[in-house]
Amino acid sequence: MLDIRLIRETPDKVRKDLQKRGAVEKERLLDDVVRWDKEWRATTAEADGLKKRRNEITRAFAEAKKAKKDATALQKEAAELPRKIEALDAKASDLEGKVRNGLLRLPNLLHESVPVGKDDTENVEVATWGTPKEPGFELKPHGELLEALGLADFERARKIAGAGFVYMMGDLVRLDQALLAFALDHMVKAGFTPVFPPYMMHRDAYEGVTDLGDFETVMYKVDGEDLFLIATSEHPIGAMYKDEIIDEAQLPLAFAGISACFRREIGGHGVDTKGLFRMHQFNKIEQFVFCRPEDSWTWHEKLRENGEAIYRALEIPYRVVNVCTGDIGTVAAKKYDIEAWYPRQGKYREVISCSNCTDYQARRLNIRAGKVGGDKFVPHTLNSTAMATSRGLVAILENYQNEDGTVTVPKVLRPFMGDQETIGAAKK
RNA sequence: GCUGAGGUAGCGAAGCCCGGUUCAACGCGCCAGACUUGAGAUCUGGUGGGUCGCAAGGCCCUCGGGAGUUCGAAUCUCCCCCUCAGCGCCA
């Protein structure tokens, strides 16, 4: 969330940003927040005045008792105060809640380089790598290919858990693990600390890392428990320092999360509905950084470069887009998507999402940095996919598919799967 | 799940039985100033959140959370949450 002081002192700066997003209803919300905040300050000031009087009376009462003087006049005055204070406190608390809720719904300030646009069709391409090559034969849908090779069982997964799940089998499991191992290896070499986080977390922690509205649509909740299955390891890692003061000497903190991810929303269907592209459960290596505010834009480029380097190593063509105002979401100040080339679909599709959340996420989580007893600041947080194996696997299955129905293993993955060069060979 | 012990500021730790000289002592750490060539040691002040103020400074809130009793609650009462230890169960 934004700093209330920013809104109080420079509401027009915030308003200009909302106009860039074309968020008219948010502008109204901004006006409401400004008004509620003003009322809140007036109300608390009034309540504080009465509390001051109450404290004075209490002290005077103790003095009078000690001196064995009559204190009934004081007692009488004090008797009237609690009701008034209670009413003002209730009003203030209501206003405070409104302000907080408003703040949670106002989006982050955008970086100046974010392009203005209505939706993902207006994202701006900023880089491309590799040349998509013609396969020279008709590629099989990867889901059918995997079934034919006995490497995935969508039917039985559907029987026991419904659509959106799969039994990965045999070489596909090894390929999945190789992708994870390769990406984690890359991150460790880049100086990131691996983290295997809890797969579930409490609602209050979740509210800090993501938008409230997402709960019903993307989150799995454990029945009867205050626990949600994580949608990405970004969430437990981001929430790790909730309500803490990070010693500034420890910054930057760079983590490589590894986890399964669980999402209810698998969205609309495009080409090849059956398959790994959109799943309720998939595996992912995630990059997450806490850093000083002045360093976050440098880190944003580093995270992007890590993501690009991984796909370059896999020799899969990709492009990078600067996500426009209509597609960027609430939390990020700037976001790059890296989109890999999918030859069967004939287009680039998102495999990596790389965001600088500036201080927005950290403030929601009540994370500060500095020295205890000294000045504090709100650190910046950044997150980016390193490798989501669902999409990575599909990219490999399309880009490395051979005419005989086998799939060549990308060179960089071979050391992670016993130097195996091909999968599906035995079954062809 | 059962039993017991706990939850006080960044950390440690008093206070709770017996409500009011405790507007949370003391120690460590940290910050600022003084002293010093510098560092250390020492001394002094400060150390969470909010709000008002140009500032100096003022005021309010904060003892796991909530409700209650009272003129007044860290302290008394009730409910809830969490942590730790032992036991049980368990990959």
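Chain A is the first sequence line, chain B the second, and so forth, proteins listed ahead of strands; every chain is numbered from 1.
If you take atom P in B:U51 and the same atom in B:U44, they sit 34 Å apart, rounded to whole Å. The same atom, P, is picked in B:G27 and in B:G1; the two are 43 Å apart, to the nearest Å. If you take atom C1' in B:C81 and the same atom in B:C71, they sit 32 Å apart, rounded to whole Å. The separation of B:G10 from B:C16, taken at their P atoms, amounts to 24 Å, rounded to a whole angstrom. Taking atom P in both B:C76 and B:G6, one finds a spacing of 13 Å when rounded to whole Å. Rounded to the nearest Å, the gap between the C1' atom of B:G20 and that of B:C26 is 22 Å. Of the C1' atoms belonging to B:G4 and B:C18, the separation is 26 Å, rounded to the nearest Å. Taking atom C1' in both B:U21 and B:C35, one finds a spacing of 36 Å when rounded to whole Å.
Between A:Arg21 and A:Ile328 there is a side-chain heavy-atom pair separated by less than 4.5 Å.
At most 12 heavy atoms of other shown residues, nucleotides or ligands fall within 6.0 angstrom of atom CD in A:Glu46. Taking a 6.0 Å sphere around CZ of A:Arg35, one finds it holds more than 12 heavy atoms contributed by other residues, nucleotides or ligands.
For the pair A:Trp40 CH2 and B:C61 P, the interatomic distance rounds to 14 Å; values are reported in whole Å. Atom CG of A:Asp48 and atom P of B:G53 are 14 Å apart (whole Å). Atom-to-atom, NZ of A:Lys52 to C1' of B:C60 comes out at 10 Å; the value is rounded to the nearest Å. Counting to the nearest Å, the P atom of B:U51 and the NZ atom of A:Lys51 are 14 Å from each other. Between the CG atom of A:Asp204 and the P atom of B:G64 there is a distance of 18 Å, given to the nearest Å. In this structure, CZ of A:Arg100 is placed 15 Å from C1' of B:G50, rounded to the nearest angstrom. The CZ-C1' distance, from A:Arg53 to B:C71, rounds to 12 Å in whole Å. Rounded to a whole Å, the NE2 atom of A:His202 is 18 Å from the P atom of B:C80.
Shown here, B:C87 forms a base pair with B:G1; the pair counts as Watson-Crick or G-U wobble because both key distances fall under 3.5 Å. When both distances must be under 3.5 Å, the Watson-Crick or G-U wobble mate of B:G29 is B:U47. Of all nucleotides present, only B:C82 satisfies the Watson-Crick or G-U wobble test against B:G6, with each distance under 3.5 Å. If you check B:C76 for Watson-Crick or wobble pairing at under 3.5 angstrom, you find it paired to B:G68. Across the strands present, B:G19 finds no partner; the criterion is a Watson-Crick or G-U wobble pair with both atom distances under 3.5 angstrom. Using the Watson-Crick or G-U wobble rule with both distances under 3.5 Å, B:A13 pairs with nothing in any strand shown. Searching all strands for a Watson-Crick or G-U wobble partner of B:A55 with both distances below 3.5 Å returns nothing. The partner of B:U37 cannot be assigned: no Watson-Crick or G-U wobble pair with both contacts below 3.5 Å exists in any strand.
Of the candidates B:C59, B:C52, B:G20, the closest approach to any side-chain atom of A:Thr58 belongs to B:G20.
The side chain of A:Arg41 places an N or O atom within less than 4.0 Å of a non-bridging phosphate oxygen (OP1 or OP2) of B:C52. For A:Asn55, a side-chain nitrogen or oxygen approaches OP1 or OP2 of B:C60 to under 4.0 Å.
Using a 4.0 Å cut-off between a side-chain N of Lys or Arg and a carboxylate O of Asp or Glu, A:Asp171 and A:Arg174 do not qualify as a salt bridge. A salt bridge links A:Glu207 with A:Arg203; the closest basic N to acidic carboxylate O contact falls under 4.0 Å. Contact check on A:Asp89 versus A:Lys51 returns a salt bridge, with a Lys/Arg side-chain nitrogen under 4.0 Å from an Asp/Glu carboxylate oxygen.
For the pair A:Arg54 and A:Arg368, both in contact range of RNA chain B, the more 5′-proximal nearest nucleotide belongs to A:Arg368. Heavy-atom nearest nucleotides on RNA chain B were determined for A:Ile4 and for A:Ala47, and the one closer to the 5' end corresponds to A:Ile4.
Classified by interplanar angle (parallel below 30°, tilted 30° to 60°, perpendicular above 60°), the ring pair A:His300/A:Trp297 is perpendicular.
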